[in-house]
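Structure first, commentary second.
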Amino acid sequence: MDINDFQGIESSFLDYKISLEAEKPKSWLKSVSAFANTKGGHILFGVTDRTHEAIGLDDAQKAGSKIAEIISARISPKVNYTINTFPGAKEGRLCLVLSIYPGPHYPYYYVHEHTRECYVRRGDRSEPATTLEVNALILKGINQTYDALPTSYKLDDISFTLLGASLKQETGESFNLLQDAVSLGLTTPNGEVTNAGLLLCDQGVLRHSRVVCTHWKGKEKGEIDGDALDDQEFFGTSLIMLLNNAEAFIRNNSKNPWTIRGMRREEKSDYPFKAVREVLVNALIHRDYQNIGAEVHVDMYDDRMEISSPGGMMNGSCIQDLDLKTVPSMRRNEIISDIFGRLHYMDRRGSGIRRIINSYTHYENKPSFYSNEYFFLVSLPNRGIASRIKHTTGKTQLTTGKTQLTTGKTQLTTGKTQLTTEKTQLTTEKTQLTTEKTQLTAEKTQLTAEKTQLEVLRADIRQKTEKIFRPVTVDKIIKLLSTYENKYSFNRQIVAKQFEISENAASRILKKAMDCGIVRKEKKGVYYFK
C-alpha cells in the first residue's frame, strides 16, 4: 500500500491530516463520526491536505496507539475501524491510514465532557447532522423504518375501505381487517396503528402527507404575471387517493392527455402514463415523512413537468453523480413500498428509473434526475413539444458522403469568399446595433398589442354573452380569459373549480360559450378562447 492507492477515491471518502492532533482531536474525530454514520471513509495521517504529499509521521506506531485510545474514549458507540501503515516519501518515515466502516449501531457520536455531537458527510466536509438526519440514523440503528413505528391510534379510530377495495381488485382476495392489518404492517400485534396505517387509511390522519400541484404559465415560476393556470392541494386522505388525484391533475392540465382505448392507454400524450405513475409512486413511498414541514410538489410548465419530494437518497449519494443503469433500489418506507407493490403500482425489482427513461426512447429530450440530502427531483420533458430523434437511412448516408466530397471543394472557394464577408460583417455589426434597438421597440410594441388584443377580446366576450349568461357568470368568464388568454388550454374541471360549480354545470357553460363563438374546442376535453 502507498499514497497512490488513494488517488482514485472520491474526496467525500477521504480526509488528510499532516499530523496527529492529539490535544485537539475533534478536528479529525468529526470525520470518524461522519464516516461511521454515512458510507465509511479513510483519514490519512502524515499526508498534506493540499498537495497530498506523503511526508510521514515522526513515530507512526505511537500515533496509531494514540488514535485507538482517543477513539475508544471519544466516539460512542464503539466504531468499527482499522489502522494500517504505508511508506512516506522520505525513507524510514511511515504514514497511517485510519479506515472507518459504516454502522451498524447508528448513530455514532463525538463525545466530550457533557456534549454529544453527531456528524454526517456532505461532499468533502464533515458537518453536524440535522435533527431529521439524527432521527433517521436512530431508526436505522434499531433496524426500523418510520412507517413501521406505532402510534396512539387504534383500529376503531380509522377505516381502510379504499385500501381493501384496491387490494380486492388487484389481487382478487378479500381484505380481512383484523387478520390482515398486522400481517401487512398497518397495526402492531398489540392493536396500535402504525404510521403506515395512518398514511393508508381513508381519513389521511397524517396531514403533512400532501401533494401540491401547480400548472404554471411559461417555463419558470413567476415568469409571467398571474402565472398559475391551475393549482390544487390534496391532503386528508389515503396515499392511494393522493396518487389518483395527482394523476388526474396532470391529465387535466396536459394539452395532449393520455387516453384509454379498450384495456390500453394511448401513449401519444404530453407525458407518458407509465413514467408519470412511476415518478409519483416513488415520490409518495420514498419521501421522508419525518419532515413535517415539507410535501410532494408537482409543477407543470410549458416545456416540462417537475415532481419533487422531501428526502434525498437513502445512502447519502446524489443521483446525478451515479450511473442511472445501476442505481441501487433502497426503500425508506418498507411497509408502504410492499403494499404499493401488491397493488401493482410499482415494480419490486427496482427497474423504475429504466422505465422512466425508456418512455422517451424516441425523443432527444430525456428525463433528468437530481437529489441532495434534503430532496429528490425528477424532470419529465413535455413530449408534445420535444424533438423526436431522426433516423438516418443507409441511402442517406451514402448521399451524405458524396455531398461531403463536394463540400470540401466548395470550402476552398468559401475561404476566399470569407475574406470579403469579414469586411461585410463589420458593416453588418453596425447595422445589428441599430436593429437591436429596433427589436426592443418592437418587443414593447408587441406587448402593447397583446394587451390591446385582450381588451378587444374582453369587449367582444361581454357583447356576445350579455344575453346568454348572468352578469356574475360573464365576470367569471372574463377572469378566466385573463388567466388563460387565447394561448393556453383549459378544461371543464378547471372551469368547475374556478366558477365553484359542478363539472356538469361547467360542461353546459362551455357548450353555450362555443355556441356564441367565444370558445373553441380543439379536441375532446381541450378548450381555448378564440
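Both backbone and side-chain heavy atoms feed into the values below; hydrogens, waters and symmetry mates do not.
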Non-hydrogen side-chain atoms of E173 and K168 separated by less than 4.5 Å: no
Whether R332 side chain and D288 backbone form a donor-acceptor pair below 3.5 Å: no
Over 12 non-hydrogen atoms of neighbours within 6.0 angstrom of CD in Q61: no
Side-chain heavy-atom pair L199, L284 within 4.5 angstrom cut-off: no
Close side-chain approach of Y16 to T48, heavy-atom, < 4.5 Å: no
Polar side chain donor-acceptor pair, W28 to D15, under 3.5 angstrom: no
Output field: ring centroids F6/F86 closer than 6.0 Å: yes
R277 charged N/C atom sitting above F273 aromatic ring, 6.0 Å / 45°: no
Exceeds 12 heavy-atom contacts within 6.0 angstrom, atom NZ of K140: yes
Min side-chain heavy-atom separation P107-I138 under 4.5 Å: yes
Side chain to side chain, Y109 and V134, heavy atoms closer than 4.5 Å: yes
L380 vs Y360 side-chain heavy atoms within contact, under 4.5 Å: yes
Heavy-atom side-chain contact between M300 and S254 under 4.5 Å: yes
Donor-acceptor contact present, side-chain N80 to main-chain Y101, <3.5 Å: no
Main-chain N/O of I285 paired with N333 side-chain donor or acceptor, under 3.5 Å: yes
Parallel, tilted or perpendicular: ring planes of H112 versus Y110, cut at 30 and 60 degrees: parallel
F375 and Y370 aromatic ring geometry - parallel, tilted or perpendicular at 30°/60° bounds: tilted
All salt bridge (charged side-chain N to carboxylate O under 4.0 Å, His left out) counterparts of D157, not counting sequence neighbours: none
Whether F376 and F369 hold their rings parallel, tilted or perpendicular, with breakpoints at 30° and 60°: perpendicular
More than 12 heavy atoms of other groups within 6.0 Å of Y153 OH: no
Donor-acceptor pair, side chain of R121 and main chain of S31, under 3.5 angstrom: no
